[in-house]
Number of protein chains: 2
Amino acid sequence: MLPSSTVENYLKAIYVGETHLVGGQKLVPMGQLASALGIAPGTATTMVKALAESGLVTYEPYNGVRLTPAGEKLAARVLRRHRLIELFLVQVMGMNWDEVHEDAEQMEHVVSDRLIERMDEMLGRPEFDPHGDPIPTPDGQLAHRALETLLTCPLNTPVTVARVTDQDAAFLRFIESHHLKPGETIQVEERDEASDSVKLKGRDDQRMTIGARAASKLLVST
Amino acid sequence: MLPSSTVENYLKAIYVGETHLVGGQKLVPMGQLASALGIAPGTATTMVKALAESGLVTYEPYNGVRLTPAGEKLAARVLRRHRLIELFLVQVMGMNWDEVHEDAEQMEHVVSDRLIERMDEMLGRPEFDPHGDPIPTPDGQLAHRALETLLTCPLNTPVTVARVTDQDAAFLRFIESHHLKPGETIQVEERDEASDSVKLKGRDDQRMTIGARAASKLLVST
DNA sequence: GCCACGGTTTTGAGTCATCAAAATAATAAA
DNA sequence: TTTATTATTTTGATGACTCAAAACCGTGGC
C-alpha cells in the first residue's frame with residue numbers, strides 16, 4: 001500500500017509537530033495537528049486512528065500522536081522531497097524563495113524517485129534548503145546544527161543567519177528585502193522587552209527594528 | 001470550480017481521442033474513452049454525464065462525447081503542461097525520453113502556472129515535445145504539420161522523423177537505440193504487405209526491418 | 001423481420017477524506 | 001469539590017470517484 005498524499009501530509013505534519021514540541025513530552029496533540037493541516041479536529045482523530053491501525057503512528061486517546069519508526073521513515077522521505085524540490089526551484093529554475101512552497105507541497109507527493117535523485121545530483125547533494133531547513137538524507141538522517149534565535153544570541157556579536165522558520169510569503173519577502181536571508185551576517189544591538197522588539201544592524205550597517213515574534217523565527221549561528 | 005485531476009484526465013483523453021477519429025464523425029465513443037483512461041465503461045458514462053452537466057462536453061447517449069469550446073480550452077491547457085514538462089525533464093534535467101511520461105502525467109495537474117511559464121521560458125518557447133508532439137500555445141492553438149507515416153511516405157526518398165506517436169517506454173527505447181528519434185533522416189526502401197513489415201535505411205546506411213504497426217507510429221516530413 | 005451480440009447505461013455498493021454538531025473527557029477555576 | 005472551560009471524540013452525512021454485474025439499446029446477419 002503506497003501512502004496517499006493525505007497520509008503523507010499527516011505524517012509530515014506530525015513529524016514537524018514533534019520537532020516543535022518542548023521538553024520530554026513526545027505526543028503531538030490532535031488540535032495542533034488539525035490546525036496544522038487545516039482540517040476539523042474530528043477528521044484528525046478519525047484519520048490518526050486509521051494511521052495507527054496501519055502501524056505508522058502510536059495514538060493515545062486524549063493525549064496525542066507520535067510516529068512509529070515506519071512512520072518516521074516515510075515522513076522524512078516526504079520532507080526530503082519537499083526541501084529538495086524547493087531548493088531546485090530556487091537554485092535551478094530561478095524562482096523566488098517565497099513562491100516555491102506551494103509547488104513543492106504538491107510535487108512532493110507525485111514526482112518519481114528518479115526525478116528526485118536527479119535534482120539531488122544537480123544540486124550537489126545539498127544539506128539545507130533555501131530557508132536553511134535541513135534536508136533529510138535518503139535514509140532519514142537530519143543534519144542538525146546548534147542554532148540560536150535572535151532572541152537568545154549574544155548582543156553586539158556578528159552572527160550568520162542560518163535558517164528562517166516561517167514559510168509565509170510576505171514574511172519571506174520582508175526577510176529578503178532587508179537582507180536577512182540565510183548566509184547574511186548581522187548583529188543584534190538591543191532587545192527591548194517592553195516594546196517587544198529587537199534592534200539589528202544588518203548589511204552596510206543598516207539599522208532596523210523587528211518584532212520579537214519575527215525575531216524568534218530567525219535562527220543564527222555564532 | 002477548478003477542475004480535479006480526474007476531470008482534467010477525462011478532458012485530455014477526449015481531446016486526443018477526437019484527434020484519433022477518422023472522417024467527419026466527431027464523437028468519441030464511451031468504450032474508447034474508458035479504455036484510454038483504464039476505467040470501467042459504466043464509470044465513464046457517469047462521469048461524462050457530470051462533465052456535460054458542467055458544460056465541458058456534449059454527450060449523446062449511445063453515440064459518444066465531444067468537447068465544448070470550454071472543455072477544449074481546458075484540455076489544451078493540460079496537454080500544453082504535459083508536453084512542456086516532458087520536454088523540460090529531457091532537455092534541462094537530462095532524463096531519458098522513455099522515462100518522463102509518468103512524471104509529466106502527475107505534474108501536469110499540480111504545478112503552478114508560474115512554474116510552467118518558467119519552463120517555457122527556459123526552453124525557448126518550444127513548439128514540439130521530445131516525441132515531436134505539438135505543444136499547444138497558452139491560448140490553445142496547435143501547430144500542425146503535414147506529416148506522413150512510414151506506411152504512406154514515398155519510397156527511397158530521404159525523410160525526417162518528426163514525431164513518434166506512442167508513449168510506451170520499451171518502444172521508445174527501441175526507437176532510440178535504432179536512431180529513429182525525431183530529427184533523424186531515414187529512407188523507406190520497401191514495404192511488404194504479406195509480411196506486414198517495412199524495410200528502412202537509417203543512420204550510417206544501417207538497414208532494419210520493422211512491423212507495420214510500429215511503422216504507422218513513426219511520422220515523417222518529406 | 002427477428003435475434004443475437006457488442007457496446008452502453010443503470011443499479012447498488014464501496015472507499016476515502018471530509019465536515020458540523022452533539023457527546024464526552026480532561027483540566028483549570030472558584 | 002463542584003463547576004466552568006477547553007480539547008477531544010463520536011455520530012451521521014456528504015461529495016468525488018470507482019467497480020461489478022444486471023439491464024438495456026442498436027445494428028448486422030440470416
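Every chain is numbered from 1 and lettered A, B, ... according to where its sequence line falls, protein lines coming before strand lines. Below, each value reflects all heavy atoms present in this structure, side chains not excepted, and no hydrogens, waters or symmetry copies.
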Output yes when at least one side-chain N/O atom of S4(A) is less than 4.0 Å from OP1 or OP2 of dA17(C), else no.
yes
Is the distance from OP1 or OP2 of dT18(D) to the nearest side-chain N or O of Y10(B) less than 4.0 Å?
yes
NA contact type, T6(A), heavy-atom cut-off 4.0 Å: base, sugar-phosphate, or nothing?
sugar-phosphate
Choosing from dT9(D), dT18(C), dC19(D), which nucleotide comes nearest the side chain of I39(A)?
dT18(C)
side-chain contact (heavy atoms from CB on, under 4.5 Å), paired with L89(A), selected from H101(A), E99(A), M119(A), M95(A):
M95(A)
With a 4.5 Å cut-off on side-chain heavy atoms, are I210(A) and L200(A) touching?
yes
Value in whole Å for how far the P atom of dA25(C) lies from CE of M30(A)
17 Å
In whole angstroms, how far is the P atom of dC19(D) from the CG atom of L37(B)?
10 Å
Whole angstroms only, please: what is the CD-P distance between Q32(A) and dT6(D)?
18 Å
Starting from C1' on dC16(C), measure out to CG on L51(A) and report it in whole angstrom.
13 Å
Polar side chain donor-acceptor pair, E86(A) to Q167(A), under 3.5 angstrom:
yes
Looking at every strand, decide which applies to G31(A) at a 4.0 Å heavy-atom threshold: base, sugar-phosphate, or nothing.
sugar-phosphate
Return no unless some side-chain N or O of Y59(B) is found under 4.0 Å from OP1 or OP2 of dT9(C).
yes
Nucleotide nearest T43(B) (side chain, heavy atoms from C-beta), chosen from dT9(D), dC17(D), dC19(D)
dC19(D)
S197(B)-D192(B) side chain donor-acceptor pair, cut-off 3.5 Å:
no
Flag side-chain contact, heavy atom, 4.5 Å: E108(B) against R83(B)
no
Short side-chain N/O contact from K49(B) to OP1 or OP2 of dT10(C), under 4.0 Å:
yes
Rounded to whole Å, please give me the gap between CD in E60(A) and P in dT8(D).
13 Å
Of Y62(B) and G42(A), whose closest DNA chain C nucleotide lies nearer the 5' terminus?
Y62(B)
Which nucleotide sits closest to the side chain of M47(A): dA17(C), dC19(D), dT8(D)?
dA17(C)
